[in-house]
Amino acid sequence: MPTAMRLENKRVYIAGHTGLVGSALVRRLAGEGCDILTVTHRECDLTRQREVEAWMADMKPEYVFLAAAKVGGILANDTYPAQFLYDNLAIATNIIHAAHRVGVKKLLFLGSSCIYPKFAEQPMREETLLTGALEPTNEWYAIAKIAGLKLCQAYRRQYGCDFISAMPTNLYGPGDNFNEHTSHVVPALLRKIHDAKLSGAEEVEVWGTGTPRREFLYVDDLADALLFLMAHYSGESPVNVGTGEDITIRELAEAIARVVGYHGSLRFNAEKPDGTPRKLLDISRIKALGWAATMPLEDGLRATYEWVRTQGGSRGRPGDAASSLVGWSAAHR
Ligand code: GDP
């Protein structure tokens with residue numbers, strides 16, 4: 001693949017390497033022969049400009065994947081608006097500005113499909129950015145992500161920096177956050193349905209009405225897309241990354257029940273928020289560039305379930321492995 005030639009022997013910084021996307025990038029880049037640079041939160045707090053600038057000046061990365069962010073599901077976004085806005089704005093401005101100062105050759109900023117208006121025409125095209133009001137349950141995160149992609153555009157225009165941005169749809173996979181309060185729907189339901197199976201519970205609560213539609217992309221597919229864009233795309237517009245297909249939350253919950261082997265019933269709690277009614281990306285642009293996702297949803301769910309039952313072990317609750325999924329408490333990303 002041409003990406004290998006592009007990054008071979010290069011100094012590649014993955015910001016957010018312990019997160020869902022960052023850890024998939026580490027896996028994907030492992031065989032590319034590049035020098036992968038990472039830094040822990042303790043060594044360099046990405047929300048502190050001075051620390052970021054010092055670390056970047058020291059390490060001199062040539063390529064940067066900006067996958068560091070404060071993330072969370074619908075409830076977390078609603079509960080911690082200040083952290084979602086401040087942390088994400090600070091991380092984006094600090095890294096993008098420092099990348100310009102140290103002469104990074106190319107930077108890829110990770111956004112999110114929630115940057116598009118709540119009632120954007122579906123599937124959502126890149127051009128619908130800033131054409132309408134955002135979904136209120138995650139506007140804090142969305143505003144910071146919009147600022148990040150605008151920074152990439154501004155630094156390209158003013159300084160000629162090759163900074164691009166990718167907008168992934170809802171992600172899931174190994175390395176996800178399984179914390180019951182802050183997780184997104186896939187890990188949340190994997191956990192709840194698994195626990196219900198073990199305890200013999202007759203029903204599982206699913207938030208909302210079950211009717212919202214979402215598109216889900218396996219995170220290793222995303223990592224592949226990001227390397228592809230790093231090699232083949234240099235433009236001002238963000239590029240959507242998704243599968244092009246969506247399903248209802250009810251269908252997702254049923255698929256997860258099949259993967260887990262749970263035969264009880266699903267109870268939809270309409271008092272919990274539905275969030276935006278539909279979120280499907282238009283993926284024509286990345287398709288035209290020559291990239292497509294390959295992991296079928298149910299296979300990806302199975303792989304994620306397998307991961308959390310096995311690999312998550314080192315970060316799991318001690319002594320709890322027999323009764324609960326070992327990766328559950330890996331939680332915070
Ligand atoms: P969103 O895509 O930004 O809305 O984020 P989420 O992944 O958190 O939620 C997606 C949809 O799944 C929303 O309609 C939620 O109400 C629904 N959902 C159902 N059960 C759960 C759950 O246990 N946790 C979460 N986070 N969402 C759930």
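Counting starts at 1 for both ligands and their atoms, following the listed order. For this chain, numbers begin at 1 and follow the sequence in order.
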Asks: Determine, considering heavy atoms only, which of Pro212, Gly208, Pro273 sits nearest to atom 15 (C) of ligand 1.
Replies: Pro273
Asks: Is the side chain of Tyr262 donor-acceptor paired with the backbone N or O of Ala201 at a distance under 3.5 Å, no angle test?
Replies: yes
Asks: Give the contacting part of Thr137 toward ligand 1: side chain, backbone, both or neither, where contact means a heavy-atom distance below 4.0 Å.
Replies: neither
Asks: Identify the closest protein heavy atom to atom 7 (O) of ligand 1: which residue and atom is it, and at what distance?
Replies: Val185 N, 3.0 Å
Asks: Looking at ligand 1, does any of its N/O atoms fall within less than 3.5 Å of an N/O of Thr276?
Replies: no
Asks: Starting from atom 14 (O) of ligand 1, which protein heavy atom do you reach first, and at what distance in Å?
Replies: Asp274 O, 2.6 Å
Asks: Below 3.5 angstrom, do we get any N/O pair linking Ile74 and ligand 1?
Replies: yes
Asks: When the ring planes of Tyr155 and His97 are compared, do they come out parallel, tilted or perpendicular, using 30° and 60° as the limits?
Replies: perpendicular
Asks: Among protein heavy atoms, which lies nearest atom 11 (C) of ligand 1, and at what distance?
Replies: Ile249 CD1, 3.6 Å
Asks: Check contact between Lys272 and ligand 1, using heavy atoms of the residue and a distance below 4.0 angstrom.
Replies: no
Asks: Judged by modelled atom types alone, do Asn240 and Tyr116 share a side-chain donor-acceptor pair under 3.5 Å?
Replies: yes
Asks: side-chain hydrogen bond (donor to acceptor under 3.5 Å, both in side chains) with Glu236: which of Arg157, Gln153, Arg156?
Replies: Arg157
Asks: Does one side chain, of Asp274 or Thr209, offer a donor that lies under 3.5 Å from an acceptor on the other?
Replies: yes
Asks: Tell me the protein heavy atom at minimum distance from atom 20 (N) of ligand 1, and give that distance in Å.
Replies: Trp207 N, 3.0 Å
Asks: Looking only at non-hydrogen atoms, which of Lys192, Lys279, Glu135, His184 approaches atom 3 (O) of ligand 1 most closely?
Replies: Lys279
Asks: Regarding atom 26 (N) of ligand 1: of the candidates Ser183, Ala188, Gly73, Ser113, which has the closest heavy atom?
Replies: Ser183
Asks: Please write down residue, atom name and distance for the protein heavy atom closest to atom 4 (O) of ligand 1.
Replies: Arg214 NH2, 2.9 Å
Asks: Quick one: do Asp224 and Arg28 make a salt bridge, cutoff under 4.0 Å?
Replies: yes
Asks: Output yes when Glu62 and Lys10 qualify as a salt bridge under the 4.0 Å nitrogen-oxygen rule, no when they do not.
Replies: no
Asks: Any idea which atoms of ligand 1 are less than 4.0 Å away from a heavy-atom of Asn138?
Replies: 3 (O)
Asks: Decide, yes or no, whether a salt bridge links Glu306 with Arg309 under the criterion of side-chain N to carboxylate O below 4.0 Å.
Replies: yes
Asks: If you draw the axis of the six-membered ring of Phe84, does the NZ or CZ of Lys70 fall within 45° of it and under 6.0 Å from the ring centre?
Replies: yes
